[in-house]
There are 2 protein chains.
Amino acid sequence: MATSKDIARIAGVSQATVSRVLQNMDNVDESTRQRVLDALRETGYVPNLQARAMRMRRSGLIGVVTGRLTNPFYPELLDALAEEITSAGLRMALWTTDEPASSTVAVQAIQGSAIDGLIFTTATSKDPALRQAVAQQLPIVLVNRSIARLQCDQVTSDNVAGGRLVAEYFLAHGRTSVAVVGGDDIISTSRERRRGFTKAFAQQGIEIPAHRQRKCDFTHDAARKVGLELLGSDDRPAAVFCVNDLVAFGVQDAAHQLGIAVPDTLWIAGYDDIPMAAWDRIDMTSVRQPIDELAKLAVDTLVRRIKKHDMPFSHRRFSAELMVRGSTGWAPAHD
Amino acid sequence: MATSKDIARIAGVSQATVSRVLQNMDNVDESTRQRVLDALRETGYVPNLQARAMRMRRSGLIGVVTGRLTNPFYPELLDALAEEITSAGLRMALWTTDEPASSTVAVQAIQGSAIDGLIFTTATSKDPALRQAVAQQLPIVLVNRSIARLQCDQVTSDNVAGGRLVAEYFLAHGRTSVAVVGGDDIISTSRERRRGFTKAFAQQGIEIPAHRQRKCDFTHDAARKVGLELLGSDDRPAAVFCVNDLVAFGVQDAAHQLGIAVPDTLWIAGYDDIPMAAWDRIDMTSVRQPIDELAKLAVDTLVRRIKKHDMPFSHRRFSAELMVRGSTGWAPAHD
DNA sequence: AGCTCCTATGCATTCGTATTCACGCGAAGG
DNA sequence: CCTTCGCGTGAATACGAATGCATAGGAGCT
């Protein structure tokens, strides 16, 4: 591989001048610039990014820490992040970790300046590496999940409001006997969605009994089992809110297996509006987050944070939107 | 951030000795080693990966080029690759590109030695950057898709055999009036799957007419439209083979919309066995590739290739497995 | 002509680490 | 007692690009 020194020799200039051309500086004579450009083209020169990164103290790499990609919401978010990162002229390093995310290696990568900053999509308040990184004021942005009082930039959507949207829709249609499924209180998104939902009911004087509030893993399988329990008894709810779509699909399958008609006798709503939710046979009502906006703001914020360390931390919440579909009674007019 | 020079000062040794300790060399006295280790611990030293990479001419970063993550097969493969890369003590850089994949930036990243090697999951023979990278003998491994006669390591599963599996299953059950949907001949996987399928029928003297061989994008939506056309006429096939699961789900939804009973009057089979295929309401017969093995071998091969440039190129094919489900008549015994 | 000023360029240094080379010192051997 | 060897260590250098500083040379002014 040709180095800038080689280019210098070929063009008959010093390495410094080559560097100046590469950096598009204007204090270079037009004729020499051309000679250098010719040499660059001729050799197919590609700058050594390591050396450049070392000298500039900036690698152009953005790290992303995310959960396993088995929940299709994360690939969607990841795709959007990748798009933003690429169009900002940067590259992306990825860590997928099991929950609860322990992101030690990723944090070491910032400390070792292998990456310029880090985006967490699945942060938990228990993650020690995250805490340490924040304490050291490293450039970090939380997206999707939030952690109150953590001194770093956070970009989320309003999950409390999202949960409330579903509750209000249920209430407006007289479905007052409800259940809520899924979630782990350590995970901010599910905690908030659940809270928004239950609180809206509480405000109407309806307390959701404990056996109607079921935790479960964020998988189709776990949700199906919980669904069978929840819907198997005679005392079954008239509507179920699931804190994410995979869980909703599992409950939907449980209902199907039990011969419970959706939406006639049971309504189901999910969260995230992953692409499958819109498929005909699933047709799941779900709360949609503005993924592209989330990703865009997260990357923008991180890039600015990297440039300017001393900046007040921002905590931006986007609002979510209810996509009403067949699982809650809406009948499409098929074309 | 503390540097190795700082550590040297604290431990009262030279920077060279610190480096020797970091590299676990044995030509350093035990007492000095301890002093250095103490200093390292005390300061929470993290090596500068840029500098190390520059000196060692190895970054510890593996690049992965993949398509948009909207097809759940890629997240699955990506997850497996991430797992392998991490457990090899390496890090992963990711590019998601639109099809046909143009991977210029990724290739430049190797040339600029920002990454040590590259794994392509969605290679096409038309990609100029890929061709160039191969011509320069850069460390590259193709996984999932293959390109005949391309001088680089390739790890795939036997898509021809996979297509044949489906055909033989259809034939064994007397479903001889068939169609095949999806695919683009530039994409090796779909081309091979289709070929395996049609060839098996041809060997039984059955030619599948052209209007029963429909190309379409690898999306649920596109497939649904094609499905409506294909199944809308009176002359409809008794079984459809779709070159991937998203397409199969789209055709399944088209059948549902038209009121065609699956599996009674129509059989459908997909490919990739993405997680949703096993869900109750979908229950799609599909061909499963050994994703974990693919990922493991791909990473292993790349790591060896990076270490040893002159090695014969390997082209390994794993075999695939037919997962028979309800969309082709198999009835589960529900527990 | 002598002075200043500005432009274009080269030289030298820097980033943090790994590694080569050279050397001092103590032990072993004659 | 003088060599030889080997172990442990430090000094110096290289990796490739970016940049501060110095300077040559030309233009413009008095």
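Chain naming here is simple, since letters A, B, ... match the order of the sequence lines and numbering starts at 1 in each.
Residues that satisfy the side-chain contact (heavy atoms from CB on, under 4.5 Å) test with B:S146, not counting sequence neighbours, are B:Q154, B:T156, B:S188, B:E192, B:H315, B:R317.
The pair B:E30-B:R33 meets the salt-bridge criterion, with a side-chain N (NZ, NE, NH1 or NH2) lying under 4.0 Å from an Asp/Glu carboxylate O. Using a 4.0 Å cut-off between charged side-chain N and carboxylate O, A:R35 and A:D38 make no salt bridge.
Remark: C1' of C:dT9 and CG of A:D26 are 14 Å apart, rounded to the nearest angstrom. Rounded to whole Å, atom P of D:dA17 lies 15 Å from atom CE of A:M25. Rounded to whole Å, the distance from CZ on B:R58 to P on D:dC15 is 17 Å. Here D:dG10 presents its P atom at 15 Å from CZ of B:R9, a figure rounded to the nearest Å. In this structure, A:Q23 atom CD and C:dA8 atom C1' are separated by 17 Å, rounded to whole Å. The CD atom of B:Q111 sits 15 Å away from the P atom of D:dG16 (whole-angstrom rounding).
When every heavy atom of B:A109 is checked against every heavy atom of A:L49, the shortest pair comes out as CA-CD1, 4.3 Å. Closest non-hydrogen pair, B:D6 versus B:A2, comes out as OD2-CA, 3.4 Å.
Among A:D153, A:D300, A:D310, the single residue meeting the salt bridge (Lys or Arg N to Asp or Glu O under 4.0 Å) criterion with A:R305 is A:D153.
Residue B:V13 is classed as a sugar-phosphate contact, given heavy-atom separations below 4.0 Å to backbone atoms only. Counting any heavy atom pair closer than 4.0 Å across all strands shown, A:D29 reaches sugar-phosphate atoms only and no base atom.
Here B:T32 reaches the OP1 or OP2 of D:dT9: one of its side-chain N or O atoms lies under 4.0 Å away.
Residue B:N27 is the one, among B:N27 and A:Q50, whose nearest nucleotide of DNA chain D lies closer to the 5' end (criterion: closest heavy atom).
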Name the pairs: protein N/O against N/O of nucleotides 11-16 of chain C, kept only if under 3.5 Å.
{"from": "C:dT14", "atom 1": "O2", "to": "A:R55", "atom 2": "NH1", "distance (Å)": "2.9"}
{"from": "C:dC15", "atom 1": "O3'", "to": "A:R57", "atom 2": "NH2", "distance (Å)": "2.5"}
{"from": "C:dG16", "atom 1": "OP1", "to": "A:R57", "atom 2": "NH2", "distance (Å)": "2.4"}

